[in-house]
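Written below as structure tokens is the structure these notes are about.
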Amino acid sequence: MRTYLVTGGAGFIGSNYIHYMFGKYDNEIRIINVDALTYAGNPENLQEVEGRENYTFVRADICDKEAITRIFAENDIDRVVHFAAESHVDRSIKSPEVFVRTNVLGTAVMLNCAREAWERPDGTYPEGKRFLHVSTDEVYGSLEEDGGYFYETTPYAPHSPYSASKASSDMLVRAYMDTYHFPANITNCSNNYGPYQFPEKLIPLIINNALQGKKLPVYGDGKNVRDWLYVEDHAKAIDMVQEKGRLFETYNIGGHNEKQNIEIIHIIIETLQEMLAADDPRRALVSPDLITYVEDRKGHDRRYAIAPDKIRDEIGWEPETMFREGIRRTIGWYFAHEDWMKNVTSGEYQKYYDDMYHVK
Ligand code: NAD
Ligand code: TYD
């Protein structure tokens, strides 16, 4: 039975990945999930898998070398899937240091512990050991509005402390591959959306605010473009890269789905209006009148767009979920999990929101 060590599995993409993997492999695999449970990590995301014998949760910080070394010593880990990171650009603008600590130092600890556990005296690695570093398209910087795509060969040009810290972590992975022949892959994915996403990010924030009749904050002119991918498609891509990808390669993952932020907000409003029953009191609250333009994000990247040609041609992965369908599924999930949203937006979140947004 193959053993996976997943870091950051209590967050948005990590928890979706764990659900995807158990849905696909059931009892054929074992997953150990290491997560520090920061504000972004939520054990509720994994309630359905908690009782499984082939699932173990370890609360630990990826910067804690002793804790990570122990996990490798006590388990014969075959695959590492490294999600754990600080992931929100706005928070990185306010508090950059924690991004450097977790994303750079934490990745260095993960790489080194895996290397110490796996490397043979002659510098080779046993067949089947693989480390997948989950990264972002934001490392490539910003594209012009009227053209161009990010390829695996696009030079790195990060602008935010978040993307700079992810770029640094990618460089460490490259250095391990080049120096130690360490068996790894890097994936650089575009913006994800779907169930379990924390409402600091655009799509869940807009859904949550709209349902309460709160203002919908749009940064700048609302015309920044992101390439949105349904999170389950990302989980599938990660699995396919580990199964079929060539070691030491980078694969870009994207949705072929570029949209301006303002378009996204209008689609969410329309979809909410379609999905809410006529007698639901929230229906009267959801309206385009809630859209409020606010001060732009500092250093706001204008456009991201991935060319996912390599992963399609080499591995056969393509995005499957059309945006309208993905948004309906996402909104349906948030309707069915009102308590989840209430729990994550109580307490600390309110303080974050008030500091970040000066609109009510
Ligand atoms: P998230 O913020 O929802 O989750 C991050 C998880 O990591 C949380 O469970 C948190 O508790 C955990 N974590 C944070 N610091 C830790 C530490 N020091 N030790 C152990 N665990 C720690 O993030 P996400 O959106 O799920 O993103 C996951 C990964 O995917 C990140 O590496 C991110 O850079 C990358 N990524 C995200 C997107 C996106 O659109 N969200 C797109 C491309 C790539
Ligand atoms: P976000 O979800 O934070 O992802 P990222 O910055 O990693 O792309 O933001 C997506 C886009 O939406 C980005 O251009 C910033 C914008 N945005 C808003 O206009 N208002 C908001 O309240 C948020 C959170 C984001």
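Treat the numbers as computed from the prediction; the structure is a model and nothing was measured. Residues take their numbers from the sequence shown, with the count starting at 1. One-based numbering, in listed order, for ligands and for the atoms of each.
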- prompt: For atom 20 (N) of ligand 2, what's the nearest protein heavy atom and its distance?
  reply: Pro217 O, 2.9 Å

task: Look at atom 21 (N) of ligand 1 and say which protein heavy atom is nearest, naming residue and atom and giving the distance to 0.1 Å.
output: Ala36 N, 3.1 Å

- prompt: What about Tyr349 and Tyr39, are their ring centers closer than 6.0 Å?
  reply: no

field: Near-ring test Phe83/Tyr17, centroid separation under 6.0 angstrom
entry: yes

task: Using non-hydrogen atoms of the residue, decide whether Ser135 is closer than 4.0 angstrom to ligand 1.
output: yes

- line: Numbered in order shown, the ligand 1 atoms found under 4.0 Å of a heavy atom of Thr38 are 10 (C), 11 (O), 14 (C), 15 (N)

task: Check whether Val34 and Ile18 end up in the same hydrophobic cluster, where Ile, Leu, Val, Met, Phe, Trp and Tyr are linked by side-chain heavy atoms less than 4.5 Å apart.
output: no

query: Near His88, which atoms of ligand 2 are under 4.0 Å from a heavy atom of that residue?
result: 3 (O)

query: Please state which protein non-hydrogen atom is closest to atom 40 (O) of ligand 1 and give its distance, to 0.1 Å?
result: Asn192 N, 2.9 Å

statement: Per-atom filter on ligand 1: closer than 4.0 angstrom to a heavy atom of Asn191 are 40 (O)

Atoms in ligand 1 flagged as close to Ala85, the criterion being non-hydrogen separation under 4.0 Å: 5 (C), 7 (O), 14 (C), 31 (C), 32 (O)

query: What protein heavy atom is closest to atom 7 (O) of ligand 2, reported as residue, atom name and distance in Å?
result: Glu138 OE2, 2.6 Å

- line: Near Thr102 (heavy-atom distance under 4.0 Å), the atoms of ligand 1 are 15 (N), 16 (C), 18 (N)

task: Would you please say whether a donor-acceptor pair under 3.5 Å links the side chains of Arg246 and Asn185?
output: no

field: ligand 1 contact on Lys166 by region, counting heavy-atom pairs under 4.0 Å
entry: side chain

message: I need the atoms of ligand 2 closer than 4.0 Å to a non-hydrogen atom of Val89, numbered in the order shown.
response: 6 (O), 7 (O)

message: Once you restrict to heavy atoms under 4.0 Å, what part of Glu200 touches ligand 2? Side chain, backbone, both or neither.
response: backbone

message: Is the distance from the ring center of Phe248 to that of His181 below 6.0 Å?
response: yes

- request: Only counting residues at least two apart or in another chain, list the ones meeting ring pair (Phe, Tyr, Trp, His ring centres under 6.0 Å) with Tyr293.
  value: none

task: Please work out whether any backbone atom (N, CA, C, O) or any side-chain heavy atom from C-beta onward of Ile62 is under 4.0 Å from ligand 1, and answer side chain, backbone, both or neither.
output: both

message: Does only the side chain of Tyr162 get under 4.0 Å from ligand 2, or the backbone, or both, or neither? Count heavy atoms.
response: neither

- prompt: Of the backbone atoms (N, CA, C, O) and the side-chain heavy atoms from C-beta on, which set of Cys63 has a member under 4.0 Å from an atom of ligand 1: side chain, backbone, both, or neither?
  reply: neither

- prompt: Which atoms of ligand 1 are found less than 4.0 Å from any heavy atom of Ser190?
  reply: 42 (C), 43 (C)

message: Looking only at side-chain N and O atoms, does Arg2 offer a donor or acceptor that is under 3.5 Å from a partner on Tyr4?
response: yes

- request: Would you mind telling me if ligand 2 is within reach of the side chain of Asn261, the backbone, both or neither, using heavy atoms under 4.0 Å?
  value: side chain

- line: Taking only non-hydrogen atoms of Val134 and a 4.0 Å limit, the atoms of ligand 1 in range are 30 (O), 32 (O)

task: Would you mind checking which non-hydrogen protein atom is closest to atom 2 (O) of ligand 2, with the distance to 0.1 Å?
output: Leu202 N, 2.9 Å

- line: Atoms of ligand 2 under 4.0 Å from any heavy atom of Val218, numbered from 1 in the order shown, are 19 (O)

task: Around atom 22 (O) of ligand 2, find the nearest protein heavy atom and jot down its residue, atom name and distance.
output: Tyr357 OH, 2.7 Å

- request: Check whether Ile93 and Tyr353 end up in the same hydrophobic cluster, where Ile, Leu, Val, Met, Phe, Trp and Tyr are linked by side-chain heavy atoms less than 4.5 Å apart.
  value: no

field: Close-contact set for ligand 1 against Leu37 heavy atoms, below 4.0 Å
entry: 11 (O)

message: Here's a test for you: under salt bridge (charged side-chain N to carboxylate O under 4.0 Å, His left out), which of Arg226, Lys223, Arg303 qualifies with Glu258?
response: Arg303

- prompt: Side chain, backbone, both or neither: which part of Asn188 has a heavy atom under 4.0 Å from ligand 1?
  reply: neither

- request: May I ask you to identify the nearest protein heavy atom to atom 3 (O) of ligand 2, giving residue, atom name and distance to one decimal place in Å?
  value: Arg297 NH2, 3.1 Å

task: Examine the proximity of ligand 2 to Asn191 and report which part, side chain or backbone, both or neither, has a heavy atom under 4.0 Å away.
output: side chain

query: Which atoms of ligand 1 have any heavy atom of Phe83 under 4.0 Å away?
result: 28 (C), 29 (C), 31 (C), 32 (O)

query: For the ring pair Trp333 and Tyr196, is the centre-to-centre distance below 6.0 Å?
result: yes

message: Just to confirm my output: which protein heavy-atom neighbour is closest to atom 13 (C) of ligand 2, and how far is it?
response: His300 NE2, 3.5 Å

task: Please examine the side chains of Glu138 and Pro158, heavy atoms only from C-beta on, and report whether any two atoms are closer than 4.5 Å.
output: no

message: Checking contacts here: is it the side chain or the backbone of Tyr162 that comes within 4.0 Å of ligand 1, counting heavy atoms only? Could be both or neither.
response: side chain

Closest protein heavy atom (residue, atom, distance) for atom 25 (C) of ligand 2: Tyr219 CE1, 3.6 Å

